[in-house]
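Source: prediction; values computed, not measured. Letters A, B, ... mirror the listed sequences (proteins, then strands); counts begin at 1.
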Protein chains: 2
Amino acid sequence: MATAKSKKPAAAKNGKAKAEHGTSLITAFREIRELIVHGRLSPGTWILEADLAERLNMSRTPVRGAIHWLQREGYVLEHRNVSKSRMIVAPLTKEDANELYRIIGSLEGIAGRGVTQLPEGQRKPITTQLRALNERLSHIASGQSGHPGEIFEIDRDFHRLIIKYGAGPRLTTLHGGIEPQTERYWRLYASSIIKDLHTSVQEHETIIRAVESGDSDAVDTALQANWLRGADRLGHVIDIFGERGSW
Amino acid sequence: MATAKSKKPAAAKNGKAKAEHGTSLITAFREIRELIVHGRLSPGTWILEADLAERLNMSRTPVRGAIHWLQREGYVLEHRNVSKSRMIVAPLTKEDANELYRIIGSLEGIAGRGVTQLPEGQRKPITTQLRALNERLSHIASGQSGHPGEIFEIDRDFHRLIIKYGAGPRLTTLHGGIEPQTERYWRLYASSIIKDLHTSVQEHETIIRAVESGDSDAVDTALQANWLRGADRLGHVIDIFGERGSW
DNA sequence: CGAGGTGCGTTTGCATACAGTTCTGCGTTT
DNA sequence: AAACGCAGAACTGTATGCAAACGCACCTCG
């Protein structure tokens, strides 16, 4: 495949697929990231520029740029040491998960400190929102009703709130680059998440209380603990099902 | 400038300027980063692809990619909200410095924890190296002899050692992207660094002792404190000399 | 029969051409 | 004289062509 592609050379001319907003490069970046995160590009498989370009109805240039971005953020690795890199989708390993979760926990810890340094008038509505999200999680935990996707989204929103109010521009960008990668692992983890959900709810409750008390160290610690526990739970699942999952 | 540049269209054909190793894109990335870090591209000024391409003797394509990398890492920002980004060299502000130092301190804290978890046989030679570097700093501090560049390099090597032995691949990459940005601020700071050098030496000593004792929390805390103190000192200088420095 | 070399195909990386958009500067009009 | 509008230029973003390099397979020689 991806051999003689003289079929749609200027197919994107009539602006069919670029209907979204933003530039093609950003579109390509998001699309390819989605493909990787959702597992449509399996971990360990190698990436073909021309193939993706055709799939996204654009030229190789923006696709190329997007792949390089993804490489820098860790979604893509280069096989073979130097020169003429052959890009592969980053595999999912236990060590990588541990490192990834440690990093994001640490970053969110910083953001959590930022939240505590807001005046109390601003902190109050934030805790209200956090509590509302955690309520929903708690409700799902007791009712065993929600499907994994919903749980994931609520949890993600919970953490994003902290970033939104506690992180500066740099930290926000950094987090935005790393956070989606946790979704790759989360999908592995989804199977066994529901039974541990109450633990997560409790950890979140600890975080909220720390925010309310305004104790920076406690917030930092609680956020890191939440992620580290997540890494532990994830590591357990990986031990059972094997690395790289069953995509 | 950067107007009608029909002079050296295929000048790079004979492989004159690409004599180094690696691809052009990586070369461009390093070169432009150097230009920014060393202040030859002043903070706040806007970046012209064509101009840089001519300066580096290559086409706009790799330059373009490099600029996008730099943007993602925070060396470059886009002026004008969305669409048709006009890139500018990231300005140096007090808030940014604080955020930057907090982030890198946190990341090195993780690496520090990693170091403490090595078996003692491997940890010993590391502390020896750390001590040797700190000796040199201490010597300079008492003799008031070294020039700022040397001090910077020794301090950088100190922190890089911790990354080298305590960080995984992800953390190493992340740190490698962020660390050079501290140099931009360090140059601002250079003027008043020598008189505070003994403080830095003491902080390093604390770090080393924490590593020796194998106390993860202590190492983490000590590293973060070192960076936070640095940010404080830097903030003081910025208050005096004004933002954006006197490049 | 095995091992090493060579040649071809595929793919990446770079350069350049082209189109769209925005900013600037000058002229005209009120 | 000042302000608004138009025209022109310049810069960014994208597409495509071209060359070199990597990998694989086949063929040949020991």
Side-chain angles (χ1 to χ4, degrees), chain A residues 1-29 31 45-71 76-88, chain B residues 1-29 31 45-71 76-88:
Chain A
M1 219 156 270
T3 56
K5 278 303 137 188
S6 52
K7 263 207 339 175
K8 37 191 68 177
K13 185 63 149 302
N14 46 20
K16 176 196 51 173
K18 62 190 322 192
E20 301 123 61
H21 61 293
T23 68
S24 282
L25 197 159
I26 294 173
T27 304
F29 175 74
E31 292 278 351
T45 61
W46 40 304
I47 291 178
L48 293 188
E49 290 178 2
D51 212 358
L52 284 172
E54 190 201 5
R55 211 158 156 178
L56 302 180
N57 269 322
M58 56 181 68
S59 111
R60 276 179 46 219
T61 307
V63 169
R64 203 180 157 57
I67 291 174
H68 283 304
W69 281 18
L70 292 164
Q71 182 207 351
V76 163
L77 306 176
E78 50 184 349
H79 194 233
R80 285 314 261 176
N81 42 10
V82 288
S83 73
K84 286 302 182 197
S85 60
R86 216 65 142 204
M87 301 290 198
I88 64 168
Chain B
M1 212 153 274
T3 56
K5 279 303 136 189
S6 52
K7 262 201 350 174
K8 38 191 66 176
K13 183 63 151 302
N14 47 20
K16 176 196 51 171
K18 61 189 324 190
E20 299 122 61
H21 58 292
T23 70
S24 282
L25 198 161
I26 294 172
T27 304
F29 176 74
E31 292 278 350
T45 61
W46 39 304
I47 291 178
L48 294 188
E49 291 178 2
D51 212 357
L52 284 172
E54 190 203 2
R55 213 158 155 175
L56 302 180
N57 267 323
M58 56 181 69
S59 115
R60 275 179 49 217
T61 307
V63 169
R64 196 177 167 59
I67 290 173
H68 283 303
W69 282 17
L70 291 166
Q71 183 207 352
V76 163
L77 306 176
E78 50 184 346
H79 194 232
R80 275 323 249 168
N81 41 13
V82 287
S83 75
K84 287 302 182 196
S85 63
R86 216 70 142 201
M87 301 289 197
I88 63 168

Please report, rounded to the nearest Å, how far the [atom2] atom of [N] is from the [atom1] atom of [X].
| X | N | atom1 | atom2 | value |
| --- | --- | --- | --- | --- |
| A/Asn57 | D/dA15 | CG | C1' | 13 Å |
| B/His79 | C/dC23 | NE2 | C1' | 13 Å |
| A/Ile47 | D/dC22 | CD1 | P | 19 Å |
| A/Trp46 | D/dC22 | CH2 | P | 15 Å |
| B/Glu78 | C/dT22 | CD | P | 14 Å |
| B/Glu49 | C/dT16 | CD | P | 15 Å |
| B/Met87 | D/dG13 | CE | C1' | 11 Å |
| B/Leu52 | D/dT12 | CG | C1' | 14 Å |

>> Suppose we define a pair by two distances each less than 3.5 Å, Watson-Crick or G-U wobble; what does C/dT11 pair with here?
In response: D/dA20
> Under 4.0 Å: is that the gap between some side-chain N or O of A/Arg60 and OP1 or OP2 of D/dT16?
Replying inline: no
> Does a nitrogen or oxygen in the side chain of A/Ser24 sit under 4.0 Å from OP1 or OP2 of D/dT14?
Replying inline: yes
> Can you find a donor-acceptor pair, distance only, under 3.5 Å between A/Thr61 side chain and D/dT16 base?
Replying inline: yes
>> Let me confirm one number: the CG-CD distance from A/Leu48 to A/Glu54, rounded to the nearest 0.5 Å.
In response: 11.0 Å
> For A/Arg60, what residues pass the side chain to side chain donor-acceptor pair (under 3.5 Å) criterion, not counting sequence neighbours?
Replying inline: A/Glu49
>> For a quick test of reading the model, state the closest non-hydrogen atom pair linking A/Thr27 to A/Thr23 and the distance between them.
In response: OG1-O, 2.8 Å
> If every non-hydrogen atom of B/Ala28 is compared with every non-hydrogen atom of B/Pro62, which pair is closest and at what distance?
Replying inline: CB-O, 4.1 Å
Among the nucleotides [options], which one has an atom lying closest to any side-chain atom of [X]?
| X | options | answer |
| --- | --- | --- |
| A/Arg86 | D/dT12, C/dC14, C/dT11 | C/dT11 |
| A/Ser59 | D/dT14, D/dA15, C/dA15 | D/dA15 |
| A/Met58 | C/dT11, D/dA15, D/dG13 | D/dA15 |

>> Suppose we screen for side-chain contact (heavy atoms from CB on, under 4.5 Å). Which residues come up paired with B/Leu52, at least two apart in sequence or across chains?
In response: B/Ile32, B/Leu35, B/Leu41, B/Ile47, B/Val63, B/Ile67
>> Mind checking if B/Ile67 touches a base, just sugar-phosphate, or nothing, with heavy atoms under 4.0 Å?
In response: nothing
